[in-house]
Every structure is written in C-alpha cells, then in structure tokens.
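One structure is given here, and the rest of the page talks about it.
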Amino acid sequence: MNHRRLLGLLSLFVVAGCSQPSFLTSFADQPPPTKERINPGTAPPDRWEPAPDPVDDEVMPGTERISQLPGKVGECAETTITSITDRYGDDLSARAKKGADPGTIVRFSNSGVQVSLKRENSIVHSQVFDKVNMCLVEVPKECPKDLRGRVYRTMNLRTKETWSLANDIKSCG
C-alpha cells in the first residue's frame, strides 16, 4: 500500500512541476556546458577536438593596417621599420661581398615594403623599430589601380636620411 501511495504522490509532483512556467523555462535558459580545454599534445586522441574553421564572412584580422599606406601621390604616413634584409631574406652584412649585389628590402609596420637591386646605405644605417615618414611620390601611369611599382620616398626620423624606392622590383602590369 505504501508503494501505491508513493507512486501517486510522485505522479502528482511531476504533473505539478511540469505545469509551472518557471520549471519549463529553467532548462531553456541554461547556457550549454563549457567544454574542458585540453592540450593537443597531451590529450588522448578520442578527447581532443581541433579548433573550429574560421567563418568566411569575418573580417580578416590584421588587414586594416594596409589602409595606412599612402594612397594618393603626395600623401604621407608615419610608420616603423619592422625588418631590413637583403632581397633573399638574409641579414645585411657589414660590407657587401664581392660579386653580385644581393640588394636591400625594408619592411614597415603599415605593410609597406621597399625593394632595391643594390645595397642602399641609407637603409643600412637604419635599424628595426626606427620611426619613418613614408610618402607616395609616383604611381605608374600604365596601370594606376595596380599596387605594384609605386614609388615611396622614406625619411628615417632618427638618422634624417632619405631614400626613394619602389615597392616591387617589377612595375605593374
């Protein structure tokens, strides 16, 4: 007899609990359970999940700085040198070796770049993290919408030396 009485009370409790609005919405308002972060190097293969693929319609991070390059002839922008190498990506030696000149490449924090086929002493005297003023002085007339072949005049604000170089060895087209 006690079992029937308990079953009757239990069914009454379930009906009363399910009919209350707060009871029904309490499960819908709960956030999904957080996943445990697992180190991919130490996690067992059955528990590790790779990061989700990036969404294609999101703005790519870091691309907003490209707009900091001068866009019209006569415009200037202050930026910082991020690397100085020869055209092959090697560090510049103190003296150019005999034979072929490896040239010079200087890169800036605003995504700008300048390239020379020969060693540029004004760039060699510069250092990474030097502040510079970069001005657009020439856009190729044959293809003004192409970004290659644009010539920038750059002044190192520390050494006060200037140089004018294109952003690519080849011109546009």
Would you check if there is a donor-acceptor pair between the side chains of S126 and E161 at a distance under 3.5 Å? no

Minimum side-chain heavy-atom gap T154-F108 below 4.5 Å: yes

Distance check, rounded to the nearest 0.5 Å: S116 atom OG versus I123 atom CD1? 6.5 Å

Exam field: side chain D86 to backbone D90, donor-acceptor pair closer than 3.5 Å: yes

Nearest heavy-atom approach of V106 to I81 is CG2-CG2, 3.9 Å

Taking all non-hydrogen atoms of both residues, which atom of N167 and which atom of G149 are closest, and how far apart? OD1-N, 2.9 Å

Is D168 salt-bridged to K170, cutoff N-O under 4.0 Å? no

Cluster question for you: counting only ILVMFWY and a side-chain heavy-atom cut-off of under 4.5 Å, with indirect links fine, are V139 and M134 together? yes

Under a 4.5 Å side-chain heavy-atom rule over Ile, Leu, Val, Met, Phe, Trp and Tyr, are M155 and W163 clustered together? no

Would you find more than 12 non-hydrogen atoms of other residues, nucleotides or ligands less than 6.0 Å from R107 atom CZ? no

Can you find a side-chain donor-acceptor pair between S109 and T79 that sits under 3.5 Å? yes

Determine the minimum heavy-atom distance between N133 and C76, stating which atoms define it. OD1-CB, 3.5 Å

Does R119 reach the main-chain N or O of G103 with its side chain, forming a donor-acceptor pair under 3.5 Å? no

Verify, without hydrogens or angle tests, whether Q114 (side chain) and L165 (backbone) share a donor-acceptor contact under 3.5 angstrom. yes

If you compare all heavy atoms of R153 against all heavy atoms of T162, which two are closest, and at what distance to 0.1 Å? NH2-OG1, 3.3 Å

Would you give the length of the straight line joining atom CG of L136 to atom CD of E75, rounded to the nearest 0.5 angstrom? 8.0 Å

Among all residues two or more places apart in sequence or in another chain, which pass the salt bridge (Lys or Arg N to Asp or Glu O under 4.0 Å) test with D130? R158

Of the non-hydrogen atoms in P140 and R148, which two are nearest, and what is the gap between them? CG-O, 3.7 Å

Should K160 and N156 count as side-chain neighbours, where that means a heavy-atom distance under 4.5 Å? no

Using a side-chain heavy atom cutoff under 4.5 Å and only I, L, V, M, F, W and Y, what cluster partners does V113 have? I105, V115, L117, I169

Value for OH (Y152) from CD (E138), rounded to nearest 0.5 Å, stands at 11.5 Å

Considering residues at least two apart in sequence or located in another chain, which fulfil the salt bridge (Lys or Arg N to Asp or Glu O under 4.0 Å) criterion with K118? E120

